[in-house]
Amino acid sequence: MENRGRVSVFVCAGLAASIGAAVAGCRAAPALTAQQTEGRRLYEVRCAHCHQDNDLALKKVPPDLHDLFERQTLPSGAPATDEAVRRNVLTGRGMMPGFDGRFTEEQMAALLAYLHTGLR
Ligand code: HEC
């Protein structure tokens, strides 16, 4: 499924670049920036197996992160800010492990940039 999304982003970006115009069906999702693409890779490797697939069958179902920054607050009630999400990722919460020391500053920025896209 992820692969299909990636292919269509490339196809859309390629078409839009080659004919120099918005292509029907591609307008809704402009291509991700390099930073967002890196963030998506990190999300897919580190977060999606719980947050989309819940492959550990956690009793407390991990929240859907698609509209994370469209709401005022995170599921915990903390304000939906970069700082709160960063802290949550670093320290973990409940069944979610902390990722302290697992991301460079650059990778964390990329992850946040991708979360801000609404997970395209
Ligand atoms: C092992 C499964 C697991 C992984 C891996 C995981 N999470 Fe979570 N995450 C959870 C669970 C479960 C919760 C709910 C925690 C709670 O409220 O008890 C959660 C909660 C969250 C929240 C909501 C925090 C709040 O304040 O309500 C955010 C944001 C989040 N995760 C982001 C991420 C990101 C980004 C990654 C990847 C770097 C990630 N998670 C990786 C299981 C996971």
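Ligands are counted one by one from 1 in listed order, and the atoms in each one are counted from 1 as well. Note that this is a predicted model, so its numbers are computed, not measured. The basis for the numbers below is simple: all heavy atoms, side chains too, and nothing from hydrogens, waters or symmetry mates.
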Exercise for the section: Could you tell me whether the side chain of Arg40 and the main chain of Ala110 form a donor-acceptor pair under 3.5 Å? Expected result: no
Problem - Top protein contact for atom 36 (C) of ligand 1, by heavy-atom distance - result: Cys47 SG, 2.8 Å
Handout entry: Salt-bridge contact Glu44-Arg41 (side-chain N to carboxylate O under 4.0 Å)
Key = no
Handout entry: Proximity winner for atom 18 (O) of ligand 1, if only heavy atoms of Lys60, Met96, Arg87 are counted
Key = Lys60
Completion exercise
Rounded to the nearest 0.5 angstrom, the OH-CD distance for Tyr114 and Gln35 is 13.5 Å
Completion exercise
for atom 14 (C) of ligand 1, nearest protein heavy atom and its distance come out as Pro63 CD, 3.7 Å
Exercise for the section: Please write down residue, atom name and distance for the protein heavy atom closest to atom 26 (O) of ligand 1. Expected result: Ser76 OG, 2.5 Å
Practice task
Find out whether Asp82 and His116 are in side-chain contact, i.e. whether some heavy atom of one side chain is under 4.5 Å from a heavy atom of the other.
Solution key: yes
Fill in the blank from the handout: atom 3 (C) of ligand 1: closest protein heavy atom, distance to 0.1 Å, is Cys50 SG, 2.7 Å
Problem - Close approach of Arg102 to ligand 1, heavy atoms, under 4.0 angstrom - result: no
Practice task
Would you check whether Tyr43 reaches within less than 4.0 Å of ligand 1, judged by its heavy atoms?
Solution key: no
Completion exercise
for atom 5 (C) of ligand 1, nearest protein heavy atom and its distance come out as Arg46 O, 3.2 Å
Completion exercise
Among Val89, Asn88, Asp55, the residue with a heavy atom nearest to atom 30 (C) of ligand 1 is Asn88
Problem - Close side-chain approach of Arg86 and Leu111, heavy atoms under 4.5 Å - result: no
Handout entry: Asp67 side chain to Arg71 backbone, donor-acceptor under 3.5 Å
Key = no
Handout entry: Nearest option to atom 8 (Fe) of ligand 1, as decided by whichever heavy atom of His51, Met108, Arg93 sits closest
Key = His51
